[in-house]
Protein chains: 2
Amino acid sequence: MPPTNTDRASTDRASADRTDTGRTSADYFRQLAAERPDIALCRASTAVARAADAQAQALGIGVGRHLVLKMLAEVGPCSQRVLSDQLRIDRTVMVGLCDSLEEAGHVRRERHATDRRAYAVTLTDTGRQLLDRAEAAVPEFLDSTFGALGPAERKQLATLLGKLLHSTSRP
Amino acid sequence: MPPTNTDRASTDRASADRTDTGRTSADYFRQLAAERPDIALCRASTAVARAADAQAQALGIGVGRHLVLKMLAEVGPCSQRVLSDQLRIDRTVMVGLCDSLEEAGHVRRERHATDRRAYAVTLTDTGRQLLDRAEAAVPEFLDSTFGALGPAERKQLATLLGKLLHSTSRP
DNA sequence: CAGAAATCGTCTGGAGCCAGATTGTTTGAC
DNA sequence: GTCAAACAATCTGGCTCCAGACGATTTCTG
């Protein structure tokens with residue numbers, strides 16, 4: 001880490017000065033990311049989210065909708081509250097996701113048998129078909145987005161994020 | 001598995017229960033995060049960003065403003081464009097950040113000497129004082145937020161995120 | 001030099017996210 | 001049984017983010 005309190009304010013030419021530590025403003029972000037894992041995490045997240053959005057849009061389904069279908073397929077009918085909690089999607093957002101999925105016929109909102117406050121959101125056949133199509137594209141998407149990391153590194157990353165998630169969601 | 005019409009997703013999780021709708025998903029998120037690093041990354045990012053926001057708010061400064069002051073201190077006067085590029089903050093957002101910093105007297109907008117389209121955003125003394133206070137709180141914040149990871153793991157995480165950032169920002 | 005193209009900062013509008021209030025239903029205390 | 005509290009889903013309003021358009025200024029091209 002280079003000394004930070006330097007006071008060099010005088011001349012500021014258009015091209016970055018390359019006098020001292022190599023680069024000052026030319027690639028400041030790299031230094032910042034190394035020093036502040038929180039910032040690195042957030043910036044990486046937006047980059048990945050952007051890629052995921054683009055890919056999901058191309059498939060005619062949003063990331064949130066994809067996750068809802070996936071969870072319904074793997075867990076069975078759920079209330080919106082359970083979907084929200086487990087997918088970490090705000091409950092007021094989940095309303096819109098289920099609205100659009102239901103309107104497209106990918107999901108039915110059946111009343112829960114014993115608790116009529118809650119729905120039992122249920123996957124339909126067309127929903128499962130859409131999910132299968134979306135799932136088929138996931139591996140390639142992950143390969144291209146995380147292509148800079150080898151298999152071992154991806155596993156490392158997943159482990160580290162897992163620890164982080166478990167700690168931050170349970171203080 | 002519940003006796004729904006869906007019987008195809010045969011995940012070999014032995015920890016399934018047979019209650020009615022809802023309880024099958026005791027901790028679905030953990031499985032999802034292990035399988036989808038993109039989702040894990042985004043959820044971890046929002047958790048960390050939330051913590052950072054709370055902490056920055058308590059200090060009377062937002063994360064974006066903090067970063068602007070930090071970069072100005074380490075690099076010297078910058079145009080808003082350079083700040084935006086290096087901090088990965090949208091240029092239209094940078095306008096508001098600089099507005100509030102200038103209004104509070106932490107920053108001056110001087111015209112660039114040779115390019116009168118651009119400003120030379122310059123740190124003031126009060127700005128440097130605020131930055132020092134904010135920087136003083138960073139290590140403790142990082143320790144508490146990334147407390148689940150040991151020093152070696154944090155270094156791993158920084159390295160992995162660095163690779164990811166470098167690859168995603170250069171398509 | 002003129003004029004076209006690029007660049008800097010700004011403004012505007014649409015989209016998404018989330019805290020808080022609201023409605024209908026269930027649960028628990030008495 | 002009755003009433004208050006808790007809870008599922010929804011609605012509302014305020015907020016931030018970002019694409020695109022705009023005026024002012026510079027740089028490029030001939």
Side-chain angles (χ1 to χ4, degrees), chain A residues 12-16 25 42-43 45-54 56-57 61-68 77-103 107-122, chain B residues 20-23 25 42-43 45-54 56-57 61-65 67-68 77-103 107-122:
Chain A
D12 178 16
R13 285 290 159 202
S15 62
S25 72
C42 291
R43 298 303 185 266
S45 166
T46 62
V48 167
R50 205 178 279 266
D53 270 341
Q57 199 95 17
I61 185 180
V63 175
R65 279 177 279 270
H66 181 163
L67 292 181
V68 169
C78 283
S79 71
Q80 294 182 190
R81 162 58 87 176
V82 171
L83 289 168
S84 294
D85 285 346
Q86 292 302 314
L87 299 178
R88 305 291 198 270
I89 294 174
D90 190 272
R91 66 196 193 284
T92 66
V93 175
M94 185 58 66
V95 175
L97 294 180
C98 290
D99 279 352
S100 61
L101 284 173
E102 186 179 38
E103 189 180 7
V107 143
R108 281 193 313 272
R109 269 181 172 125
E110 304 172 347
R111 276 292 169 190
H112 192 287
T114 61
D115 185 347
R116 284 176 39 204
R117 291 173 302 183
Y119 288 131
V121 183
T122 306
Chain B
D20 213 0
T21 311
R23 291 280 283 268
S25 53
C42 291
R43 297 305 184 265
S45 166
T46 62
V48 167
R50 203 178 279 266
D53 270 341
Q57 199 94 18
I61 186 181
V63 175
R65 281 179 279 270
L67 292 181
V68 169
C78 283
S79 70
Q80 293 182 193
R81 163 57 90 176
V82 172
L83 289 168
S84 294
D85 285 346
Q86 292 302 313
L87 298 178
R88 306 291 198 271
I89 295 173
D90 190 271
R91 65 195 193 286
T92 66
V93 175
M94 185 59 66
V95 174
L97 295 180
C98 289
D99 279 352
S100 62
L101 284 173
E102 186 180 37
E103 189 180 6
V107 144
R108 281 193 312 273
R109 270 182 173 123
E110 304 172 348
R111 274 294 169 191
H112 192 288
T114 61
D115 186 346
R116 284 175 39 205
R117 291 173 303 184
Y119 289 131
V121 183
T122 306

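In what follows, chains carry the letters A, B, and so on, assigned in the order in which the sequence lines appear, proteins first and then strands, with residues in each chain numbered from 1.
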Original post:
Of B:Gln80 and A:Val93, whose closest DNA chain C nucleotide lies nearer the 5' terminus?
Top reply: B:Gln80

**OP:** Could you tell me the separation between the CZ atom of B:Arg109 and the P atom of C:dG9, rounded to a whole number of Å?
**Re:** 9 Å

Original post:
Is there side-chain contact between A:His66 and A:Leu97, with at least one heavy-atom pair below 4.5 Å?
Top reply: no

Original post:
Any donor-acceptor pair under 3.5 Å joining the side chain of B:Arg81 to the base of C:dC8?
Top reply: no

**OP:** Report yes if at least one side-chain N or O of A:Arg116 is closer than 4.0 Å to OP1 or OP2 of C:dT25; otherwise report no.
**Re:** yes

Original post:
Between B:Ile89 (CD1) and D:dC18 (P), how many Å, whole number?
Top reply: 10 Å

Original post:
Roughly, in whole Å, what's the span from CZ in A:Arg88 to C1' in C:dC17?
Top reply: 17 Å

Original post:
Do the side chain of A:Arg111 and the main chain of A:Arg117 share a donor and acceptor less than 3.5 angstrom apart?
Top reply: yes

Subject >> B:Thr92 side chain, from C-beta outward: closest of C:dG24, D:dA19, D:dT10 >> reply: D:dA19

Subject >> Length of the line joining A:Tyr119:OH and C:dG24:C1', which is rounded to integer Å >> reply: 11 Å

Original post:
Are any non-hydrogen side-chain atoms of B:Val82 and B:Met94 less than 4.5 angstrom apart?
Top reply: no

**OP:** Could you state the atom-to-atom distance from CG of A:Leu83 to P of D:dT10 in whole Å?
**Re:** 12 Å

Original post:
For B:Arg81, does its backbone N or O pair with a side-chain atom of B:Arg91 as donor and acceptor, under 3.5 Å?
Top reply: no

Original post:
With a 4.0 Å cut-off on heavy atoms, is B:Val95 in touch with a base, just the backbone sugar-phosphate, or nothing at all?
Top reply: base

Original post:
Between C:dG24, D:dA9, D:dA19, which nucleotide gets closest to the side-chain atoms of A:Arg50?
Top reply: D:dA19

Subject >> Atom-pair distance (CG on A:Asp99; C1' on C:dA15), nearest Å >> reply: 16 Å

Original post:
What is the distance, rounded to the nearest whole Å, between atom CZ of B:Arg91 and atom C1' of C:dC8?
Top reply: 9 Å

Original post:
Between C:dG9, D:dA8, D:dA19, which nucleotide gets closest to the side-chain atoms of B:Asp90?
Top reply: D:dA19

**OP:** Output the single nucleotide from C:dT25, C:dC8, C:dG9 whose closest atom is nearest the side chain of B:Arg117.
**Re:** C:dC8

Original post:
So, B:Arg88 side chain and B:Asp85 main chain: donor-acceptor pair closer than 3.5 Å or not?
Top reply: yes

**OP:** Find the distance B:Met94:CE to C:dC11:P and express it as a whole number of Å.
**Re:** 16 Å

Subject >> A:Thr46 vs A:Ala118, nearer the 5' end of DNA chain D by closest nucleotide >> reply: A:Ala118

